[in-house]
Amino acid sequence: MMIAIAAAFVSFIIVFAGVPVLRRIALRIGFVDRPSPRKIHRKPVPLMGGAAIYAAVAVTFILYQGITGLSLTVAVGGLALVAIGLTDDAFKAKGRDFPVWPRVVGYLAVSMLPLSFGIRIMAVTDPVSGKFYLFPEWLSAVATIVWVFALINMVNFIDGADGLASGVSMISSATLLVAAIIKKQPDTALLAAIIIGACIGFLAYNFHPARIFLGDAGATFLGFVLAVVAVEGAFKSATLLSMAVPILALGLPIFDTIIVMLRRLLLGKPLHRADNMHFHHVLMRWGLNQVQAVSFLYLIAALFALLSIVLLLVQK
């Protein structure tokens, strides 16, 4: 546990020290998210926060974990997502939209990467009979790819208010950290702690009024690394009931995305088209300011987290 705390502190320092440098660079070259009718902010905000988050998590995890399948998955997959995200963010900075299909293909390729390093949803245990059911290889692969691909997009979808995606990711990471400690999984506990440190360091600059944004690079990376932690940790040796633990730990982005997608289907809108139908948009239309809306969603995420831990303890 002391190693995890030390690693979280290193991750925090890298982000806390690195963000001001990246912010100055972004402002100097015009790498900013410009206001629009759909967006909440009213002045250009730098978009390079994701690079700091990635550097902190990847470097710190390799420093403490060494070169393993898990650390390579985080480093290689994260680098690909940051590259895609920064390209998308560069288009935004110029007031243009990056085509959706190259992003989808890239996200899908990254979602397959964990399989190459043996990270996959493999089996489930029946809590009544105690029988262990090993998934067919094709089902294991499909389940893993769908889960990772979904989380990459879901965390990105909720990144629409100052501090929301980074704060919710911190809460989800804390939940997965507790789950890893309970299940005696030191590797995933270490990675979850490192994510927490990075998110805390970033929130110092990202909470309202935000001085820098995650951008697609940071939001997709956080979704990816949280998905990987869940697959390697909470989903491993899971029972039918405890399969709900990682789903609840990431409950806010999951349910936000499901509800938004259902609304778009009912209204006949393209599923990939950004809009103002997410939870934070609705709360602000109801009269909450940005800090109140984000704080309320933190509370909801924490309630999901508490429920997931209770469920895990019941299974012990």
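Starting from 1, each residue takes its place in the sequence as its number. All values reported here derive from a predicted model rather than from experimental measurement.
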Legend entry - Min side-chain heavy-atom separation Phe213-Lys92 under 4.5 Å: no
Inset, instruction - Side-chain contact test, heavy atoms from C-beta onward, threshold under 4.5 Å: evaluate it for Leu252 versus Tyr298 and give yes or no. - result: no
Inset, instruction - Might you confirm whether atom OH of Tyr205 has over 12 heavy atoms from other residues, nucleotides or ligands at distances under 6.0 Å? - result: yes
Legend entry - Heavy-atom side-chain contact between Ile200 and Met170 under 4.5 Å: yes
Legend entry - Nearest heavy atoms of Leu70 and Val228, plus distance in Å: CD1-CG1, 3.6 Å
Legend entry - Donor-acceptor contact below 3.5 Å, side chain Tyr54 vs main chain Ala75: yes
Inset, instruction - Under the side chain to side chain contact (heavy atoms under 4.5 Å, CB included) rule, what do Gln65 and Leu190 come out as? Steps first, then yes or no, please. - result: CA-CA 8 Å; Gln65 174 80 1; Leu190 175 64; 3.9 Å; yes
Inset, instruction - Could you check whether the rings of Phe255 and Phe304 sit parallel, tilted or perpendicular, using 30° and 60° as the cut-offs? - result: parallel
Legend entry - Side-chain (Arg103) to main-chain (Phe98) donor-acceptor, under 3.5 angstrom: yes
Inset, instruction - Kindly compute the distance separating CD1 (Ile195) from CG (Leu177), expressed to the nearest 0.5 Å. - result: 10.0 Å
Inset, instruction - Compare every heavy atom of Asp162 with every heavy atom of Ala210, then report the nearest pair and how far apart it is. - result: N-OD2, 3.0 Å
Legend entry - Shared hydrophobic cluster, Val105 / Val142 (ILVMFWY, side-chain heavy atoms < 4.5 Å): no
Legend entry - CG-CG distance between Leu262 and Leu265, expressed to the nearest 0.5 angstrom: 6.5 Å
Inset, instruction - For residues Ala217 and Val82, report the shortest heavy-atom separation together with the two atoms involved. - result: CB-O, 3.8 Å
Inset, instruction - Say whether Ile121 and Leu139 are linked into one hydrophobic cluster, either directly or through other cluster members, by side-chain heavy-atom distances under 4.5 angstrom. - result: yes
Inset, instruction - Look at the side chain of Ser71 and the backbone N and O of Gly66, then say whether any donor-acceptor pair between them is shorter than 3.5 Å. - result: yes
Inset, instruction - Could you check if a side-chain atom of Ile25 sits within less than 4.5 angstrom of a side-chain atom of Phe31, using non-hydrogen atoms only? - result: no
Legend entry - 4.5 Å side-chain heavy-atom contact, Pro186 and Ile3: no
Inset, instruction - Look at the side-chain heavy atoms of Ile, Leu, Val, Met, Phe, Trp and Tyr, link any pair under 4.5 Å apart, and say whether Ile258 and Ile247 land in one connected group. - result: yes
Legend entry - Any side-chain heavy-atom pair of Leu248 and Leu311 under 4.5 Å: yes
Inset, instruction - State, with a plain yes or no, whether a side-chain heavy atom of Leu164 is found less than 4.5 Å away from one of Val168. - result: yes
Inset, instruction - Could you pull out the closest heavy-atom pair between Thr188 and Ala180, with the gap in Å? - result: OG1-CB, 3.5 Å
Legend entry - Lys43 backbone acceptor or donor facing Arg34 side chain under 3.5 Å: no
Legend entry - Same cluster (ILVMFWY, side-chain, under 4.5 Å), Leu108 and Val100: yes
Legend entry - Joint hydrophobic cluster, Phe149 plus Trp138, side-chain heavy atoms closer than 4.5 Å: yes
Legend entry - Closest non-hydrogen atom pair between Pro114 and Val148, with its separation: CG-CG2, 4.4 Å
Inset, instruction - Give the ring-plane orientation class for Phe224 versus Phe221, where under 30° counts as parallel, over 60° as perpendicular and anything between as tilted. - result: tilted
Inset, instruction - Decide yes or no on side chain to side chain contact (heavy atoms under 4.5 Å, CB included) for Val229 and Ser173, but give the supporting numbers first. - result: CA-CA 8 Å; Val229 171; Ser173 298; over 6 Å; no
Legend entry - Side-chain (Asp159) to main-chain (Ala165) donor-acceptor, under 3.5 angstrom: no
Legend entry - Test item: Asp216 and Thr87 side chains (from C-beta on) under 4.5 Å apart, heavy atoms: no
Inset, instruction - Go through Leu250 and Trp147 one step at a time and tell me if the side chain to side chain contact (heavy atoms under 4.5 Å, CB included) criterion holds. - result: CA-CA 11 Å; Leu250 295 151; Trp147 171 256; 3.6 Å; yes
Inset, instruction - For the pair Asp97 (side chain) and Phe91 (backbone), establish whether a donor and an acceptor sit closer than 3.5 Å, ignoring hydrogens and angles. - result: no
Inset, instruction - Write down the atom of Ala305, the atom of Ile171, and the distance for their closest heavy-atom approach. - result: CB-CG2, 4.2 Å
Legend entry - Pairwise distance CG(Leu222) to OG(Ser172) - rounded to 0.5 angstrom: 10.0 Å
Inset, instruction - Can you establish whether the number of heavy atoms outside Glu137 located under 6.0 Å from its atom CD is more than 12? - result: no
Inset, instruction - Apply side chain to side chain contact (heavy atoms under 4.5 Å, CB included) to the pair Val57 and Val74, showing each step before the final yes or no. - result: CA-CA 8 Å; Val57 173; Val74 171; 4.1 Å; yes
Inset, instruction - Give a yes or no on whether the backbone of Ile194 and the side-chain of Ser11 come within a donor-acceptor separation of less than 3.5 Å. - result: yes
Inset, instruction - Give, for atom CG of Leu86 and atom CG of Leu81, the distance between the pair rounded to the nearest 0.5 Å. - result: 10.5 Å
Inset, instruction - Look at the side chain of Gln185 and the backbone N and O of Gly233, then say whether any donor-acceptor pair between them is shorter than 3.5 Å. - result: yes
Legend entry - Distance in Å, Arg23 CZ paired with Arg28 CZ, rounded so as to fall on 0.5 Å steps: 12.0 Å
Inset, instruction - Verify, without hydrogens or angle tests, whether Arg211 (side chain) and Ala204 (backbone) share a donor-acceptor contact under 3.5 angstrom. - result: yes
Legend entry - Flag, side chain of Asn156 to backbone of Ala219, donor-acceptor distance under 3.5 Å: no
Inset, instruction - Would you give the length of the straight line joining atom CD1 of Ile158 to atom CD1 of Ile254, rounded to the nearest 0.5 angstrom? - result: 10.5 Å
